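Okay, structure first, notes after.
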Amino acid sequence: MTPAALRIAVVGGGIGGLAAALSIARAGHHVTLLERAARFGEIGAGLQLAPNASQALEELGVLDAVQRTAVAPPRLVMMDALSGDQVTSLDLRSAAYTERFTHPYLVTHRTDLHTALLTACQAHPDITLRTGHAVTHAEQDESAVHLHFAGTTPGLTADAVVAADGLHSRLRQALVGDEEPVCSRYVAFRGALPADRMTGRMSQHAASDAVMVWAGPRMHLVQYPVRRGELYNQVAVFESDHYTPDSDDWGTEAELEERFAGTCRTVRDALPLIARDRRWPLYDRLPIDNWIHGRIALLGDAAHPMLQYLAQGACQALEDAVALGQSFGRFTDPADAFATYADRRRERAARIQTNARRFGEICHLEGMGATLRNQLFASRASDDFNDVSWVWTPAPATAPTP
């Protein structure tokens, strides 16, 4: 650490928390990362890393490690889940892509991305990793923040705290209020299976290495390879007709089968191979302006949880982490660093939050709405990235103060 180094605590050991810890430490500060679970780990299956995310990973020094297991798909393809016809595609190996974007589009397993970030944090001399630390509340004054933990775990004092503890962030509840996340009434069943289990019609799509999105009325299926192509990730998403806020008895396997019953043969063949051991209700929140509360800042899903329809949840957490580290590289006062970080990230994250909802509505159209969507999308060229370039291009860093 340099003489001016700050003591920063990061709460949450997921992708956003590890990335934030790494970014801040690389800016010259000492970081203590606190994870409530007994061990570090990431649950879930695959995720997509658009070029804004791979740029962030390069700036964090872990892109090479991620690319060792990730897959670079040649195309993103939208299919009609009912007819089985292609609606539109994006060519990720076209000259138009490489001219506009400087970094690759990748798909990877969540565990592989988490492992790359965790390994980098473990190797950094200014990062201390602690598990079994469940934050209950925080107290702060003009000079420090004191974190309290469940049980007999001793407290911790830091110059500033980054809350990267997810959708149900304990620190966000204390700082912003106890508002509930917004349930979309959609639920996901997801998992990755050995690629050689994809047979028949499914094997043709699996062998292409493309990201396949099968869009249908109030449902969709996403498929793509991960982990060097050894695994095939599948996510089936649908809206439940039986949602009630005070019950967990909705979005069941029976509803999954019912919602996808009218799809094309290829989608129906894929359905039995989708993991059923856990269902994932899908939540987000409305954008907020107050990411900063004294010496505590929100990051990732704690700040801007979003639906997955633009595949930007992890990407935006990585952008947060890079922006935060760059701010701490410029300022030794946490208030200045946090203010600069929030000013840079707030508007962009909010725009992606709200547009993720809108694209979900477009994806799940039915009847004439779906027909018009398909006709409109079919008219665009595979090397036309105008509609997505703003999502895939991070905001530039603020110029240093002269």
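Just so it is clear, the model here is predicted, and its values are computed rather than measured. No hydrogens, no waters, no symmetry mates; every other heavy atom, side chains included, goes into these values.
With a 6.0 Å cutoff to the six-membered ring centre and a 45° limit on the axis angle, Arg345 does not count as a cation-pi contact of Trp291.
Electrostatic pairing of Glu319 and Arg348 counts as a salt bridge here, judged by a charged N lying under 4.0 Å from a carboxylate O. Salt-bridge check for Asp209 with Arg75: failed, with every basic side-chain N at 4.0 Å or more from each acidic carboxylate O. A salt bridge links Arg276 with Glu257: the closest approach of a Lys/Arg side-chain nitrogen to an acidic carboxylate oxygen falls below 4.0 angstrom. Of the charged side-chain nitrogens involved, none lies within less than 4.0 Å of a carboxylate oxygen, so that Arg285 and Glu180 do not count as a salt-bridged pair. Salt bridge absent: Arg279 and Glu255 never bring a charged side-chain N and a carboxylate O closer than 4.0 Å. Taking 4.0 Å as the cut-off between side-chain N and carboxylate O, Glu239 and Arg185 do not count as a salt-bridged pair.
A pairwise comparison of heavy atoms in Tyr341 and Asp320 identifies CE1-O, 3.5 Å as the closest pair. Listed here is the closest heavy atom pair of Leu318 and Ala19: CD2-CB, 3.7 Å.
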*Apply ring-ring contact (aromatic ring centres under 6.0 Å, His included) to the pair His220 and Tyr309, showing each step before the final yes or no.*
CA-CA 10 Å; His220 74 268; Tyr309 304 122; 5.8 Å; yes
*Show your reasoning for whether side-chain contact (heavy atoms from CB on, under 4.5 Å) applies to Trp392 and Cys315.*
CA-CA 9 Å; Trp392 293 359; Cys315 303; over 6 Å; no
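Remark: side-chain polar atoms of Arg346 are paired, donor with acceptor, to backbone N or O of Asp289 under 3.5 angstrom. His29 contributes a side-chain N or O that, together with a main-chain N or O of Phe328, makes up a donor-acceptor pair within less than 3.5 Å. In this structure a side-chain-to-backbone donor-acceptor pair under 3.5 Å is present from Tyr224 to Leu47. With hydrogens and angles disregarded, a donor-acceptor distance shorter than 3.5 Å links the side chain of Thr371 to the backbone of Gly367. The main-chain N or O of Phe385 is found under 3.5 Å from a side-chain atom of Arg100 such that the two form a donor-acceptor pair.
Open room surrounds CG on Asp249; 12 or fewer heavy atoms of other groups in view lie less than 6.0 Å from it.
Using bins of under 30°, 30° to 60° and over 60° for the plane-to-plane angle, the ring pair Phe101/Tyr97 lands in the tilted bin. Classification of the Tyr186-His364 ring pair by plane angle, with boundaries at 30° and 60°, yields parallel.
A side chain to side chain donor-acceptor pair (under 3.5 Å) with Arg227 is found for one member of Asp112, Asn233, Thr69 and no other, namely Asp112. A side chain to side chain contact (heavy atoms under 4.5 Å, CB included) with Leu113 is found for exactly one of Thr111, Leu117, Thr115, namely Leu117. Tested against Leu221 for a side chain to side chain contact (heavy atoms under 4.5 Å, CB included), the candidates Val237, Ile274, Leu271, Val213 yield a single pass: Ile274.
For His133 and Glu35, the side-chain atoms include no donor-acceptor pair closer than 3.5 Å.
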